There are 6 protein chains.
Amino acid sequence: MFYHVKELQFNARVSKPDPAFARLLLEQFGGANGELAAAMQYFVQAFGARQPHPDKYDLLMDIATEEFSHLEIVGATIQMLLDGINGELKDAANESEIMQLLDGTDKKEGFIHEAMTNPQFLALSGGGPTLTNSNGVPWTAAYVNSNGDLTVDLRSDMAAESRAKIVYEYLMQFTDDPYVKDTLRFLMTREVAHYQMFHAALETIQPNFPMGTRQSDPRYSNSYFNLSNGASARGPWNEGQSPDLGEDWVYVEDPIEHVRKTQGMVVDHEPRGTSRTEDEVQKTNRELGKQRKEAVMSTLPEGGNQWSAYPQEDPASPMGIETEEK
Amino acid sequence: MFYHVKELQFNARVSKPDPAFARLLLEQFGGANGELAAAMQYFVQAFGARQPHPDKYDLLMDIATEEFSHLEIVGATIQMLLDGINGELKDAANESEIMQLLDGTDKKEGFIHEAMTNPQFLALSGGGPTLTNSNGVPWTAAYVNSNGDLTVDLRSDMAAESRAKIVYEYLMQFTDDPYVKDTLRFLMTREVAHYQMFHAALETIQPNFPMGTRQSDPRYSNSYFNLSNGASARGPWNEGQSPDLGEDWVYVEDPIEHVRKTQGMVVDHEPRGTSRTEDEVQKTNRELGKQRKEAVMSTLPEGGNQWSAYPQEDPASPMGIETEEK
Amino acid sequence: MFYHVKELQFNARVSKPDPAFARLLLEQFGGANGELAAAMQYFVQAFGARQPHPDKYDLLMDIATEEFSHLEIVGATIQMLLDGINGELKDAANESEIMQLLDGTDKKEGFIHEAMTNPQFLALSGGGPTLTNSNGVPWTAAYVNSNGDLTVDLRSDMAAESRAKIVYEYLMQFTDDPYVKDTLRFLMTREVAHYQMFHAALETIQPNFPMGTRQSDPRYSNSYFNLSNGASARGPWNEGQSPDLGEDWVYVEDPIEHVRKTQGMVVDHEPRGTSRTEDEVQKTNRELGKQRKEAVMSTLPEGGNQWSAYPQEDPASPMGIETEEK
Amino acid sequence: MFYHVKELQFNARVSKPDPAFARLLLEQFGGANGELAAAMQYFVQAFGARQPHPDKYDLLMDIATEEFSHLEIVGATIQMLLDGINGELKDAANESEIMQLLDGTDKKEGFIHEAMTNPQFLALSGGGPTLTNSNGVPWTAAYVNSNGDLTVDLRSDMAAESRAKIVYEYLMQFTDDPYVKDTLRFLMTREVAHYQMFHAALETIQPNFPMGTRQSDPRYSNSYFNLSNGASARGPWNEGQSPDLGEDWVYVEDPIEHVRKTQGMVVDHEPRGTSRTEDEVQKTNRELGKQRKEAVMSTLPEGGNQWSAYPQEDPASPMGIETEEK
Amino acid sequence: MFYHVKELQFNARVSKPDPAFARLLLEQFGGANGELAAAMQYFVQAFGARQPHPDKYDLLMDIATEEFSHLEIVGATIQMLLDGINGELKDAANESEIMQLLDGTDKKEGFIHEAMTNPQFLALSGGGPTLTNSNGVPWTAAYVNSNGDLTVDLRSDMAAESRAKIVYEYLMQFTDDPYVKDTLRFLMTREVAHYQMFHAALETIQPNFPMGTRQSDPRYSNSYFNLSNGASARGPWNEGQSPDLGEDWVYVEDPIEHVRKTQGMVVDHEPRGTSRTEDEVQKTNRELGKQRKEAVMSTLPEGGNQWSAYPQEDPASPMGIETEEK
Amino acid sequence: MFYHVKELQFNARVSKPDPAFARLLLEQFGGANGELAAAMQYFVQAFGARQPHPDKYDLLMDIATEEFSHLEIVGATIQMLLDGINGELKDAANESEIMQLLDGTDKKEGFIHEAMTNPQFLALSGGGPTLTNSNGVPWTAAYVNSNGDLTVDLRSDMAAESRAKIVYEYLMQFTDDPYVKDTLRFLMTREVAHYQMFHAALETIQPNFPMGTRQSDPRYSNSYFNLSNGASARGPWNEGQSPDLGEDWVYVEDPIEHVRKTQGMVVDHEPRGTSRTEDEVQKTNRELGKQRKEAVMSTLPEGGNQWSAYPQEDPASPMGIETEEK
C-alpha cells in the first residue's frame, strides 16, 4: 500500500521559468533511464522476490518508492520551469500577444517562444509535464527489465542506475539556475547510492556467477572470436585470464577458418585453457538447480496463498491464508 | 514524497495457481485501462493543479496513490496465480519433467501447460508479472491523458474509471476462485467510487461547459449532419434540444447539398435555433479567459518558486521561496 | 460503404504558408486527440452496436464519418501551410539556394528554415502531412477506446471530444491567419456539438450508472481514503453525498490504520452510510444482466448472419441471411 | 468530405461464429498490411497530389475510399464471427456457465473457449474487433509510407497491394465457411485490381526511373558486391544488363580487396560498363529538377490557397481563393 | 556468419561538425526507410529463401550485408558530424561555458546550440547516433516486411529501395559539405542499383503476377469504383486495358447504385471484359499451388535439417544432417 | 564494412519441426534481450568509441559481429522449426486438409495446429521468423542503451548479457530436441563469455566509479531511506560500509520526519559517515573532467575527419583526411 505526503523528499525550487530546459529534463521524467523507468523496474521485480527473499523485497520496495518520490521531484521541477504557460493559454483574448512572443517581437517573455521547442507543452499538455522523453516519445514498458532471478535483476539495476547517473551528469551542463542544479545533484547522487545498495545485495547471493543456475559449457566459455578485422587490439578481455571464471582466454585469430575446420564448432572442439569439465558442470547444474528451486518452493504455502499479514510484523509473507476463512 | 507499507490495501489471496487467468489479469496491470494507466494519469494531471487548485491536487493525489496501491494488489495476485513457475524454471535437471507437463502427459501440474498461453511468463519474466496487457503489449504512456484544464481532465478521468470498471466486470466472469473474485469486486467497486469523486469535483467548477474557456461558434454548435445514409435514426441527439447548451438541434438531411450551397458553410450560414450571438460569445471568451488566467497567475509567486513547505501545513504551496536563501 | 466528395465539409483556406504552425497542427491530424483518433474510436465502437442498437450505430457512424471529413480538412490545411516545399525539394540544382534559406541568409523565404522544426517535412514526407503528432510520434491505435458497452463507450467519447476541444482552443492561440482561425473555430465547435450528441444518447440508456451491468459492493463504494497527507482538502468529493449513487461519503482519515484494523478490509467492514444491501445488489445484478444479455441476443438471427440488406431500408440489420443461398 | 451508406460494398455474411478465425482476420483489420494501413497510405499520399496532379489525386482517393469500405467489411465479418460473446459477458449471473465453457466441460458453445486465443475479445473489447493485428499489437502509422513523389509513392502502393493480396491468400486456408471465403476472395481480388491501377498510373509518368529527379552516379550504379561468401550464385541480377538502366553489371568478386584498393571507392574508380557520363547526369538533374519543380509550383496560386471549389466541377483545385473575401 | 573489416565500404569524411544535419541524417540510420530497415528486411526474408531458392538467398544476403555496411557509413558520418560534443560533456568545470554557447553569446562554437535541435544528442547519447529517426522516434520492426513469398517480398524490396533513394535525394539538399555530399550520392546510387537487382530477380520467377499462387476472381478483378466524386479523372488506370492481366477496365460510375442492384455484388454480377473463366482460375490455382508447394517441399530433407555445410561449397543447404550424429 | 559467409558460426540443426518452440524462441530473435538487441547495442556504442578508444572499439565490434552471427543462428533455427508450413500455404487446393489439421482431426501433422499459437506464422510471415518477441511485439530500439561513456555502456552491456543468459537458460527447459539444446547451450555460454569480456574491459578504465566524471555529493551518497515500512530488513546494503565508495551507510528510519526536519534535506544536513569533502569533490570533478575531455579531444583531428584508412593498418582512425583532397 502506498502513501503520499505533500512534502517533496528534496526541496525542489526554481529561480525562474525555463521551458527549453524543461524539455531536456523530460528525459528523466518519461525517458528510457528516467525515474519512472527505475521505479517501475524495481517495483515489478519486487513481486517475484516477496515470498522467497523478503529482505531483497524490502530493498527493492524501499528504492522503488524513493524513485517514485524522485519522479515527483522531476515533475514538480518541470512544472515550475513552465510556470505561466498554462495561464497564458487560458486567455482567449491575448492571441495577438502570444503571436508577438512567438515572433520574438516581444523579448520580455520569450519563454513562450522557447516552449515551441516542444510543441506539446503548448498544444497538448497546456504547460505541464508529459510522460515522454525529451523528444516527445511516450514512455514504454519496453524500458523495464525484470527476469525472475536476482542475480540477473540486480545487475540490470546496477546498469540502470549507471545510465540514470550519466544523464543527470549531462543535464547539469545545461542549466545555470542554482536551485535546479542543487536538485539535479541530489538526484544524481542518489543513483550512485542506489548502485551500491544493489551491488551489496548482489554480493550476498553466492554463487552469483554465472547468473541464474546453469553453468556455461567449458568448450565455448573462454573463446574470443576476432570478428572485426583490419587492425585488432589485445587486452585483458582477450588475453590472460577471464575475470569471473578465471579461465585462459583462447584467441581465435581467424574465426571463419576455425568454424570450417570444426564443422561449426561441434567436431574436434574440446575445452582448452580451463579446468572445468562437463561432469562438474552437470553436477553443479543439478545441485544448484535443486537448491535454488527449493529456496523458492519452501516459501510457498500448501494450499492457498496470502500476500500480507495484518499487521505485517515480519518481513516474510504469511505461510498460508491467515484471516477468516471463506 | 511516497511511502510504502507492506500491508496491501485489500487482503489479496488466491486458492491455487491459475496462469491462464493471470494472463487475462495482466489487462489491469499493464493494459490500457489498468491500474498503472489510472495512477499515472491522475499523478501527471496533479502537477498542473498543485498551485492554482490545491484542493483538486489533494483529490488527484489521493486517488493516484490509491491506484498505485491497486496496481500492487493486481501484481500480487498475478504473482500468486503464477506460484511455482519460478521454482520449476530454476531446476536445470527437471527439463524432461517440464516437457511432460507441456505435453499434458503429466496432468497433475498442468499449470506449466497453461502458462504457455503467455510465453513470456516462461521465457522472459520467470513466472512473474510483466508490464504488458493481456496480449503482451508493453504499457505505453499513450494511454495517459493530461491536458492542463480540469474541466477536461476530470472528464477524461470519469471515462477512464468507466473503462476500468467494465474490464473488472468482464474479468469476474473468468475465475471461480472466491478469493480472487473478492479482490476483483473490491477493485471494481473502487472505480465506481472514484468516478463519483471526479464527478463531484467537476461540478464545483462553474461554468464547466464547454470545457476550457472558449465558447463554441453559434453557427455550427447545434447542426447534426446525417452523414451515414441508408436508413437513419432520430433521437434526442438530433431532435429537440441539445442537453448542455439547450439549443435546438438542426438536422442536416443532405450534408453534401448543404455544403455545396453554403460554399463550405461560410456563405449564408447564419445561426439558427439558438439565442446565442457572436457578440455574447466574444464577450464571454474575453471575460472567462481573463478570469481563468488570473486564477492561475495569482497563485504563482513573484520571482522563484518552491513546491512544498516544510512542514506542509496548508494545502497550498508556499508563495515564494521559503527556506534559507542561495 | 464509404463515399468521398471533393468538396471539403468546411471551406479550408490559408493566407500563406506557415510550416511552424503546420507542425503544431499535426497534433490534430495524427495526435492522441486528433481527428483520426476520434474517427477510428467511433467507427470501431459502431461494429458492436450495429445489431443490438441500430439507432446508436447510426449516431456513431454519422459522427465517425464527420470526423474522417475533419481529418481531411486538417490534412488539407497542413498541406497548404507547407505549399512550395515539395517544389523546392524537386530541384536538384537549387541546393545552394536551400542552404541559404536554412542559414537565414535569404530572409524572403524563411519557410524552409521554419520547416526544420519538423525535419520529416523535409527529409521524409517531401512537404506533406505525416500521420504523427506534433512531435513526430506515429499515430497508434493505443489512443482508441472501445469496450463493447455503450454506457462506457459513450463516456469515453464525451471525454475524447473534451480533449479535442481544448487542443483546438490551444492551437487557436498560435496562428493569426484569419482563414486558418475560421477553420479551427469550426472544428472546435463541432467537438462541442458532438459532446452533446453523445451525452444525449447516454441519457436514453437507463440505468446507465454504474456503467455495465454489475452493481458496486456497498462496503466499498462510498469510502474516501485520505492517502495524500500533509494538509488535506475537503469538498463534495469526500463529504456529503456521492453524486450518482447518493450514498454518504465515509472519510477514512488514516487509511493505514484502517487497513490494519480491518485485516485488509475483510474483517469488521460492514456497509456504512448507504441503504444498499448485498441482497439487492445480487438481485439487480441478476435482473439487469439478464435483460442486457437478452437485448443483445434477441437481435442475433438463428443460423448465419448478414450485416446489411440491399437496399437497407430500415436501420436494423436483416435477421438472418437474405440473399440467394449458398 | 466523406459519406457513409449502410450497405456494405460486398455482402458480408457468416454461417456461424468462429472466434479463432476472427483473431486471424484481425491481421487485415489492424495489421501491417490490413485495410486501414492501405486506406491511410493512399489518403495521406493524396494531399500532396491534390493540386499538382488532380488525376492521380482522384485515383488515390477512389482507392483510399474503397479501402475504408473494405475495412468496414473486415470489421463486420469479425464482429459476426464473435456473435454472442457480448451477450454472454453482460450476464453477471452466468459466471459458472462461462467457466464450464472455458473448461471445455460444456462442449456445445466452445466458442468462449476459442475466444481465449485472444484474451482481449473477452477482457477488453467485449466481443468486438480491436484495432490490432492478429497478435494484439495496436495499429501504428509506422506502417504508412508517403514520400511526396508519385514515382515513389505508387511503387510503395504496388508493394502494399502485393502484401495485402498474399495475406488474404494465406487466410483463405483457415476457414471453411463458404460465406467468409467468398468475402475473402472478393477482397483478395480487389488488391490485384488496385495493383494494376497503380501500375498503370506509374506508367503515365515519364521518366519514372530512377524514382525522384536525381540520376544515379555512373561510377556506382552497376556494381554488384559479392558480400555473402561461401558459395555464390549468378543470375540476371549480377550478370548481363541491369533491367532499368541497361548498364552492364560489374561483379565485384572480392569487395574487401576492392575497397582497399580504391581507398573506399574514391580513387581509381571510374565508370565501367555504362555509357552514362557525369556531364549528362548533371544536365539531366538540372533539367528534370527544374521541370518537376515547375509542375508543382505552377499549380500553386499567388497569395492565399483554397482546397476545393463549391461545387467542385473540375478535378483541379481552384487557383486562388474563390469565395467571399475576408 | 558475419565478419567485419575496419575499412568502411565508402570513404566517409566530413569537413566539419554539423549537428543539425546529423539530426536530419538520423532518418537514414534509424528511420522507416533507413539502412537498418533495409538490412533487416532482406536479412529476415532470406531465411525462408535459404533452402528452396539458394540463388535468391545469396542475392538477399549480399544486399543485406551491403546495407549493414551502409548503416555503418551513415553512423560514422553522424558521429563525425557530432565531433566534440562528447568531449565537452565530460568536463564538469565548463558548465558556464556551455551555457554561453547555448545562449549564443559565444558564437564561435555554436554547434552545441545547434545540437539542441535534438536534445538526446546532449542528454542521452552523449554526442553519438541514436537508433531513431530524425524526430527521435525509436526504430521499430514494424518497418520490416517479410511475407514468405518472393513474388511479394521482391516487390516490397523494390518499393523500399525507392523510398530510401528519395530520402537521400532530399537530404542532399541540406548539406553543402562536399565530402558528405559524396557519401550521400554513393548511398543514393546504391539504392538505384539494388532496385534493379531485385527487379531482375523478380523477372526470373514466372508467373509472378498475381503475386502468390491464387488467381483473382474474374468477376471483380477489372472493376474500377468511382468512389471519390465531385469531378473525376479518367486514365489508363480506369479505361482501356489493365496493364498486367490485360482485361478491360469496367468503370462503375455510381458504386452505391451498383452495390444495391447487385445485392452487394453477389447477384447478377458475372465477369465482363475478361476472357478468364472460373474454371480456368480453379485449374491454375490447383496446378500452380501444387507446383509451388513442391518447389519448397522438395528441398526439405527427410528427418532432421541442417542449415549449412562445413565448408559450404554449393549455394544449396545440405539435404539432411551431415556432420557427426547425435 | 561487413562480410557474410554461408557457414553458420555454430552448426544449427533440428530433429523435426516444432512451431510452438519456434514461437518461444522468437524471444531471442526479436525480443528485448535477444540477439538483435545485443548486436545493435554494441554496434551503436562503438561509434563513439572509434576515435578516442580504438581498443574498446575493436572489442565492441568483435562482439557486435558475433551477436549478428548469433541472430542468424537463431533465425535459422526458427526457420527449420517451421519447416513445411510455407509449402502447405502455397497450395490453394489443400484448404480442407489444413482445416482438418487445425481441427486436430488429422493428428499426423499437428504442426499446423501448433503454429496457431502464433497466428502471424500462418497469416503474415508464411512460415518464417518475424522480428518480434514471443508475444508478437515488434522489436524496438527502445531496448538499446548507448550513452557515450564507456564506464556506463560497459555496465549496460554486462547487464544485457546477464538477461540474455537467463532467457536461454529458461528456453532450454522447453525443448527436448538434442540438436536444438546444443545450439541453445552454445549461445547461452557465449553470453557468459561476453559478460567477462565487458567486465575485463571495464576494469582497464580507472577510476570507473562513479560512472562518468562527476563525483557524488557527500551529503547524500550514503543515506538509506527506509521508505517501505511494515517490517524492514537490514543487510550490507543499509548497514556497514558501502561497497564502492566505502562510506558508512546512514539508515534513515523515518524518512518523512527526516525530510520535514531538514526542510527537504537542505538545512542542517551535513555529510556523515564519510571522509569525502565538498572541496575534494570539486577538485576531482575539475581534474577528472579535464582529463576525460582531453582524452576525447586529442583524438579528433584539426579540420576535417575521416573514419578509416585504406588499408587500415592500425586500430586508430587516421588523424585527419588522408586520401586525395577535394
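Only a predicted model underlies this, so the values are computations on that prediction, with no experimental measurement involved. First the proteins, then the strands, lettered A, B, ... as listed; each starts at 1.
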Engaged part of [X] at the chain D interface, taking heavy atoms whose separation is under 4.5 Å:
{"X": "E:Leu8", "result": "backbone"}
{"X": "E:Asp314", "result": "backbone"}
{"X": "E:Ser232", "result": "both"}
{"X": "E:Met188", "result": "side chain"}
{"X": "E:Arg260", "result": "side chain"}
{"X": "E:Val281", "result": "side chain"}
{"X": "E:Glu313", "result": "backbone"}
{"X": "E:Phe2", "result": "neither"}
{"X": "E:Thr140", "result": "side chain"}
{"X": "E:Pro311", "result": "neither"}
{"X": "E:Thr262", "result": "neither"}
{"X": "E:Leu245", "result": "both"}
{"X": "E:Gln241", "result": "neither"}
{"X": "E:Asp157", "result": "neither"}

Using only atom types and a distance under 3.5 Å, with no angle test, would you say the side chain of [X] pairs donor to acceptor with the backbone of [Y]?
{"X": "E:Gln263", "Y": "D:Asn11", "answer": "no"}
{"X": "D:Lys165", "Y": "E:Gly212", "answer": "no"}
{"X": "D:Tyr224", "Y": "E:Asp62", "answer": "no"}
{"X": "D:Arg190", "Y": "E:Ser223", "answer": "yes"}

Please rank [options] by heavy-atom pairs under 4.5 Å with chain E and give me the top one.
{"options": "D:Ala159, D:Gly148, D:Ser216, D:Pro218", "result": "D:Ser216"}
{"options": "D:Glu7, D:Glu169, D:Met265", "result": "D:Glu169"}
{"options": "D:Glu203, D:Met172, D:Arg219", "result": "D:Met172"}
{"options": "D:Phe225, D:Tyr143, D:Phe198", "result": "D:Phe225"}
{"options": "D:Gly240, D:Ala64, D:Ala160, D:Ser242", "result": "D:Ser242"}
{"options": "D:Ala200, D:Ser228, D:Ser69, D:Ser156", "result": "D:Ser228"}

For this session: Check each atom of D:Ser221 against the heavy atoms of chain E and say whether the ones under 4.5 Å are side chain, backbone, both or neither.
Result: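 Both backbone and side chain.
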
Is [Y] close to [X] at the side-chain level, that is, under 4.5 Å between some pair of heavy atoms?
{"X": "D:Pro255", "Y": "E:Gln9", "answer": "no"}
{"X": "E:Val259", "Y": "D:Phe10", "answer": "no"}
{"X": "D:Asp149", "Y": "E:Tyr170", "answer": "yes"}
{"X": "D:Met158", "Y": "E:Met211", "answer": "no"}
{"X": "E:Ile63", "Y": "D:Trp237", "answer": "no"}

Max heavy-atom pair count under 4.5 Å with chain D, selected residue of [options]:
{"options": "E:Asn222, E:Thr65, E:Val192", "result": "E:Val192"}
{"options": "E:Tyr168, E:Tyr195, E:Trp249", "result": "E:Tyr195"}
{"options": "E:Thr151, E:Asn229, E:Asp153, E:Asn145", "result": "E:Asn145"}
{"options": "E:Ala193, E:Ala316, E:Pro243", "result": "E:Pro243"}
{"options": "E:Val167, E:Ile256, E:Thr213", "result": "E:Thr213"}
{"options": "E:Ile166, E:Asp217, E:Asn133", "result": "E:Asp217"}

For this session: Fit a plane to each ring of D:Phe186 and E:Tyr220, take the angle between them on a 0 to 90° scale, and name the class: parallel (under 30°), tilted (30 to 60°) or perpendicular (over 60°).
Result: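 Geometry flag for E:Tyr220 against D:Phe186: perpendicular rings.
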
Looking at [X] and [Y], what are the two nearest heavy atoms and their distance?
{"X": "D:Arg163", "Y": "E:Asn147", "answer": "CD-OD1, 3.4 Å"}
{"X": "D:Gln196", "Y": "E:Gly246", "answer": "OE1-N, 4.3 Å"}
{"X": "E:Asp244", "Y": "D:His199", "answer": "OD2-ND1, 2.9 Å"}

For this session: State whether D:Arg185 and E:Glu278 are salt-bridged, where the test is any N-O pair (Lys NZ or Arg NE/NH1/NH2 against Asp/Glu carboxylate O) under 4.0 Å.
Result: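 Yes.
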
Problem set entry | CZ-CG distance between E:Arg234 and D:Asp55, expressed to the nearest 0.5 angstrom |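 One finds 12.5 Å between CZ of E:Arg234 and CG of D:Asp55.
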
